[in-house]
Asks: 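Once you've had a glance at the structure underneath, I'll fire off some questions.
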Amino acid sequence: MSEDKKESLNFIEQIVEEDIKNGKHNGRVLTRFPPEPNGYLHIGHCKAISISFGIAQKYNGATNLRFDDTNPTTEDTEYVESIKKDIQWLGYQWQGEPLYASDYFGKLYGFAVKLIEKGLAYVDDSTPEEIAAMKGTPSIPGTNSTYKSRSVAENLQLFEDMKNGVYADGSKVLRANVDMTSPNMLMRDPIIYRIKKESHHRTGDTWCIYPMYDFAHGQSDSIEEITHSLCSLEFIHHRPLYEWFIDKLEIFPSKQYEFARMNVEYMITSKRKLLKLVQDKYVTGWDDPRMPTVSGMRRKGYPPMAIRNFCDKAGVAKRENTIEISLLESCVREELNKTALRTMVVLDPVKVVITNYPEGQSEKLQAENNPEDATAGHREITFGREIYIEREDFMENAPPKYFRMTPGSDVRLKHAYILHCTGVDKDENGEVSTIYATYYSNSRSGEDVSGIKPKGTLHWVSATESKPCEVRMYDRLFTVADPTGDDDVDFLTYYNQNSLTVIPTALMESNQDTPKVGIQYQFLRHGYFCVDVDSNEDKPIFNLTVGLKDSFAKEMKK
RNA sequence: UGACCCAUGGUGUAAUGGUAACACUCCGGUUUUUGGUACCGUCAUUCUAGGUUCGAGUCCUAGUGGGUCAACCA
């Protein structure tokens, strides 16, 4: 396992290694992943998960899963379950039981009291509008609230009354006493507790005051003795506050580090916009294979390891970035190439009659299940006088570099014989209805002594031994790489009307077992497909995971 | 009219003051009974201008460009 080349570290790994070297926290590494249970995990979360869990794993540490559930109005247990499932599916395991910021409501309340006692927090009766007005703007300093000068005793009493439900929602807040003139807006006496007489998904009606993010997150980290609290760049302005609370409260000094979140072409991560897609039926649900959600990618057939490798290869840094979707697809293909079972499926069938093959006769042929994996074994497929091939694999008047079937030329049938195309029937619309060919009986796969070397090889299915299936072809959800890049254009105008094409009448080999949900196939010469949850015994349904690279298509575009 | 973060090929990420690396894409080629896979090759004087140094992508200053911050959201 030793590398002769020194491994390069990202900036977080450098910090961690430096800390370990210096014996900080006795070399202990504890990270955390802190989702708010108010939505489904998506590709952006995968990145955050891969960083926080990955760092811990690399340095023999651990990661806490902590639900940041400080806002009862938006949060729900339903999301808790899906988040847990998605993390595990990705292949990560948190330390111990899942944790909740709400577990710390009691301690957080105590912290607030301590701050008040130190004269570092006060109850403010101002309206939201007044508080906003007093905040100033980034370039204009804020002004002090008249309530800022209340006595410690009065604040203590008022805060306790807030907790006891004496006051109406929104009538009072507890604010940290920091600095209204700070150039950092977050330091201008941030609100740390608000009154919300609402039931919490875990604490029920125990509390009617709830801490704000800034007063919950850092302290929760500290309570759990998190050593490295990794988050995205937009929290960078929160760091001084994070440290201020820890410092004033004199509690465990967790440290926050920020990295740039990952953007991916053709994918959006805005909760609001994702919800819009679902509600307005642009997609069939949160797990629609076109969605950038973990459940969507899972249903599309992306292997968890591919997603992990992708996050890894995308790297970690502090600058804005947009990763090309081709990197993700490359990771998916890399994974599936090793594992997917090969099979032949004809999406748009046209019949071929092999005129010199005896009527009523058939034979069994051996086909390898995966050329990349000798242990995957073989299967039998049936060959006979009539077969189906892909309509696009035939051209009556072919260009020079067309290696497929065309009258007068030879082409190989995968796992079978070489065919010589002799003619074609057309219907009244001029559409090819039947192709005629002869076969070279001495060209059987594996024992070919014909000496013929066709340039092309086609996939096919037997006319008698194939069965119909539905195939769902997916394309990018949007027509442009960055659908949310322009504030003046609704991202839905870039919705790709052709993002889903259903092929109800494809033909698959009938020799194999009934496809089970979760099994990954490679449809030869097409791409990787997985069995969809809608699939059943009578009607197998496949989802396109990702197409094979297609250098022929590229050639044709020129 | 303030503060903070950032700047390396088409896209990302490295190079930790000693002469630009890796991956993906692209283009070209070899192998191939998947136009797949595998393999090989081409593609950058590191935003600009000064400065420090024997030596700067790396350190300093200024500029330019991009991003972020004013929810009783997280």
Side-chain angles (χ1 to χ4, degrees), chain A residues 5-10 14 34-36 38 68-71 73-75 101 124 127-128 131-133 135-142 169-175 182-188 191-196 209-210 212-214 216-217 231 233-240 258 260 262 265 271 310 312-331 333-334 337-338 342 344 371-372 401-404 412-416 418 443 445-446 448 453-459 522-527 547-556:
Chain A
K5 203 171 132 196
K6 65 168 185 281
E7 179 202 19
S8 68
L9 304 173
N10 65 48
Q14 288 173 29
E36 186 188 10
N38 73 345
D68 227 329
D69 55 351
T70 57
N71 185 0
T73 31
T74 57
E75 295 152 5
D124 195 323
T127 63
I131 289 178
K135 270 249 150 125
T137 71
S139 53
I140 300 169
D169 281 16
S171 59
K172 282 181 169 51
V173 291
L174 184 69
R175 300 178 71 180
S182 170
N184 181 344
M185 298 294 292
L186 290 158
M187 297 297 273
R188 321 244 263 225
I191 292 168
I192 59 178
Y193 259 98
R194 77 284 214 188
I195 304 171
K196 271 180 187 262
I209 55 171
Y210 294 94
M212 298 287 288
Y213 166 83
D214 283 305
H217 199 100
C231 61
L233 237 36
E234 61 257 42
F235 290 97
I236 199 162
H237 298 106
H238 293 252
R239 191 171 64 209
E258 310 87 8
M262 174 180 74
E265 286 180 344
K271 266 177 203 167
F310 170 65
D312 203 44
K313 287 183 178 180
V316 182
K318 296 182 78 165
R319 63 167 156 162
E320 292 288 312
N321 62 81
T322 301
I323 313 296
E324 289 177 331
I325 193 80
S326 62
L327 180 61
L328 211 203
E329 293 178 342
S330 158
C331 291
R333 287 194 195 100
E334 182 185 26
N337 179 48
K338 295 184 288 194
R342 271 59 171 179
M344 296 195 286
E372 308 292 323
K401 283 187 178 175
Y402 190 82
F403 304 145
R404 280 109 105 136
R412 159 74 66 185
L413 289 181
K414 183 72 180 175
H415 304 308
I418 296 170
S443 66
S445 257
D448 180 6
K453 299 285 176 203
K455 285 207 146 188
T457 301
L458 306 185
H459 63 280
Q522 184 198 96
F523 291 0
L524 245 45
R525 303 210 300 133
H526 280 305
L548 254 23
K549 275 210 272 189
D550 191 350
S551 51
F552 175 67
K554 257 179 220 162
E555 185 72 28
M556 293 311 279

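Below, chain A is the first sequence line, B the second, and so on; all start at residue 1. On a predicted model such as this, the values are computed, not experimentally measured, just so you know.
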Asks: Ignoring hydrogens and angles, are the base of U37(B) and the side chain of R333(A) linked by a donor-acceptor pair under 3.5 Å?
Replies: no
Asks: Please determine, for the side chain of R525(A), which listed nucleotide (U34(B), A15(B), U13(B)) has the closest atom?
Replies: U34(B)
Asks: Regarding I236(A), tell me which of base, sugar-phosphate or nothing describes its non-hydrogen contacts under 4.0 Å with the strands shown.
Replies: sugar-phosphate
Asks: Heavy-atom nearest nucleotide on RNA chain B for G315(A) versus L548(A): which residue maps closer to 5'?
Replies: G315(A)
Asks: Show me the dot-bracket string of RNA chain B, counting Watson-Crick or G-U pairs under 3.5 Å, with | for pairs to another strand and [ ] for crossing ones.
Replies: .((((((..((((....[..))))..((((.......)))).....(((((..]....))))))))))).....
Asks: Distance check needed: G36(B) C1' versus F523(A) CZ, whole Å only.
Replies: 15 Å
Asks: Taking A21(B) as the reference, what is the distance to C43(B) when you measure between their C1' atoms (whole Å, please)?
Replies: 15 Å
Asks: Do E265(A) side-chain atoms and I325(A) backbone N/O form a donor-acceptor pair below 3.5 Å?
Replies: yes
Asks: Which part of the nucleic acid, if any, lies within reach of N184(A) when heavy atoms closer than 4.0 Å are counted: base, sugar-phosphate only, or nothing?
Replies: nothing
Asks: Mind checking if K401(A) touches a base, just sugar-phosphate, or nothing, with heavy atoms under 4.0 Å?
Replies: base
Asks: Describe the nucleic acid contact of M212(A) in one word from base, sugar-phosphate, nothing, applying a heavy-atom distance below 4.0 Å.
Replies: sugar-phosphate
Asks: Check every strand shown and say whether N10(A) touches a base, only sugar-phosphate, or nothing at a heavy-atom separation below 4.0 Å.
Replies: sugar-phosphate
Asks: Examine distances only and state if a side-chain atom of R525(A) and a backbone atom of T457(A) form a donor-acceptor pair shorter than 3.5 Å.
Replies: yes
Asks: Atom NE2 of H238(A) to atom P of A70(B): distance rounded to whole Å?
Replies: 7 Å
Asks: Do the side-chain N or O atoms of T70(A) get closer than 4.0 angstrom to the phosphate oxygens (OP1, OP2) of A74(B)?
Replies: yes
Asks: Are R412(A) and F403(A) in a cation-pi contact, defined as NZ or CZ under 6.0 Å from the six-membered ring centre and within 45° of the axis?
Replies: no
Asks: What interatomic distance, in whole Å, is found between P of A49(B) and the corresponding atom of U19(B)?
Replies: 23 Å
Asks: At under 4.0 Å between heavy atoms, what does P371(A) touch on the DNA or RNA strands: base, sugar-phosphate, or nothing?
Replies: base
Asks: Would you give the length of the straight line joining atom CD of E75(A) to atom OG1 of T70(A), rounded to the nearest 0.5 angstrom?
Replies: 6.0 Å
Asks: Ignoring the backbone of Q522(A), work out which of A23(B), U34(B), U33(B) is nearest its side chain.
Replies: U34(B)
Asks: If you look at every strand shown and take non-hydrogen atoms under 4.0 Å, does E324(A) touch a base, only sugar-phosphate, or nothing?
Replies: base
Asks: Find out whether Y193(A) and V173(A) are in side-chain contact, i.e. whether some heavy atom of one side chain is under 4.5 Å from a heavy atom of the other.
Replies: no
Asks: For the pair T74(A) (side chain) and N38(A) (backbone), establish whether a donor and an acceptor sit closer than 3.5 Å, ignoring hydrogens and angles.
Replies: no
Asks: Does S551(A) reach a base, just sugar-phosphate, or nothing at all? Heavy atoms under 4.0 Å.
Replies: sugar-phosphate
Asks: Report which part of the nucleic acid F235(A) touches: base, sugar-phosphate, or nothing (heavy-atom distance under 4.0 Å, all strands).
Replies: base
Asks: Using a heavy-atom cut-off of under 4.0 Å over every strand shown, decide if G446(A) touches base, sugar-phosphate, or nothing.
Replies: base
Asks: Reckon T74(A) touches a base, only the sugar-phosphate, or nothing at all at heavy-atom distances under 4.0 Å?
Replies: nothing
Asks: Counting only heavy atoms not in K455(A), do more than 12 fall under 6.0 Å of its NZ?
Replies: no
Asks: Give each protein N/O atom lying under 3.5 Å from an N/O atom of nucleotides 64-66 of chain B, with the pair distance.
Replies:
none

Asks: Quick one: are H238(A) and Y213(A) in side-chain contact, heavy atoms under 4.5 Å?
Replies: yes
Asks: Who pairs with H526(A) by ring pair (Phe, Tyr, Trp, His ring centres under 6.0 Å), at least two apart in sequence or on another chain?
Replies: H459(A)
